[in-house]
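In each ligand, atom 1 is the first atom listed, and ligand 1 is the first ligand listed. Since we're looking at a predicted model, the values are computed, not measured.
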Amino acid sequence: MEIPEFPILGTEPLSVEFANTMYGSGAAQTDYLQTPELIALWFAEMVGSDAGAPLPPPVDQQVRALRDAVREILYAVAGGRMPQPGAVEIVNEFSGRAPSFPVLTWSAGEPPTTHRLFATTGVDGILARIATECVELIAGSDTVTVRPCPAPDCTMLFVKNHSRRRWCHPSCGHRDRQARYYRRHHPTEATR
Ligand SMILES: [Zn+2]
């Protein structure tokens with residue numbers, strides 16, 4: 001199977017990259033987790049998982065259900081609205097699938113740091129990690145601003161990690177400036 005070019009920014013928290021696997025809108029929408037094979041490839045690329053083998057149904061449906069819920073919640077927080085009913089319950093159900101605990105790392109000459117370790121490997125651990133990170137991203141002690149990219153036809157979410165960042169990727173900024181330039185110079189065509 002040909003490996004598709006996934007919409008991965010490589011800079012975002014895992015839950016945001018996960019939400020971005022549904023790309024575009026309307027008839028042009030593409031689900032990059034449409035098949036068990038695609039899910040396995042995405043997992044391998046994003047979490048270097050041992051879940052490299054295609055997931056049996058209905059696990060692949062559960063992956064997409066969590067993705068849709070995470071995406072709905074991130075878009076809701078970006079839009080300053082409540083998420084659709086059920087999305088919060090789905091994320092909570094998955095975050096409860098694997099226990100996790102904080103791990104302390106302390107090396108000489110460095111400040112102590114912590115990260116969260118999930119007790120379950122495999123797909124349940126990955127989904128629990130994505131769900132937990134989504135919860136902590138939007139409601140944890142260190143909440144962030146999530147935004148959809150404003151470039152034409154781009155639906156990628158990103159964490160606005162500094163005040164000047166406007167687009168998901170510099171290439172979208174370039175495209176957006178080109179589109180606005182075009183609208184200014186071809187006002188009638190652009191409104192068709
Ligand atoms: Zn973009």
Under the side-chain contact (heavy atoms from CB on, under 4.5 Å) test, residues paired with Glu136 that sit two or more places apart: Arg116, Thr132
Any donor-acceptor pair under 3.5 Å linking the side chain of Thr114 with the backbone of Val103? yes
Could I get the full list of salt bridge (charged side-chain N to carboxylate O under 4.0 Å, His left out) partners for Asp68, not counting sequence neighbours? none
Under 3.5 Å, side chain of Glu17 to main-chain N/O of Ile8, donor-acceptor pair present? no
Listing protein N, O or S under 2.8 Å around the Zn ion (ligand 1) gives Cys149 SG, Cys154 SG, Cys168 SG, Cys172 SG
Applying ring pair (Phe, Tyr, Trp, His ring centres under 6.0 Å), which residue pairs with at least one partner in residues 8-34 are found, sequence neighbours left out? Phe18-Trp42
Under 3.5 Å, is there a donor-acceptor pair between the side chain of Arg175 and the main chain of Ala151? no
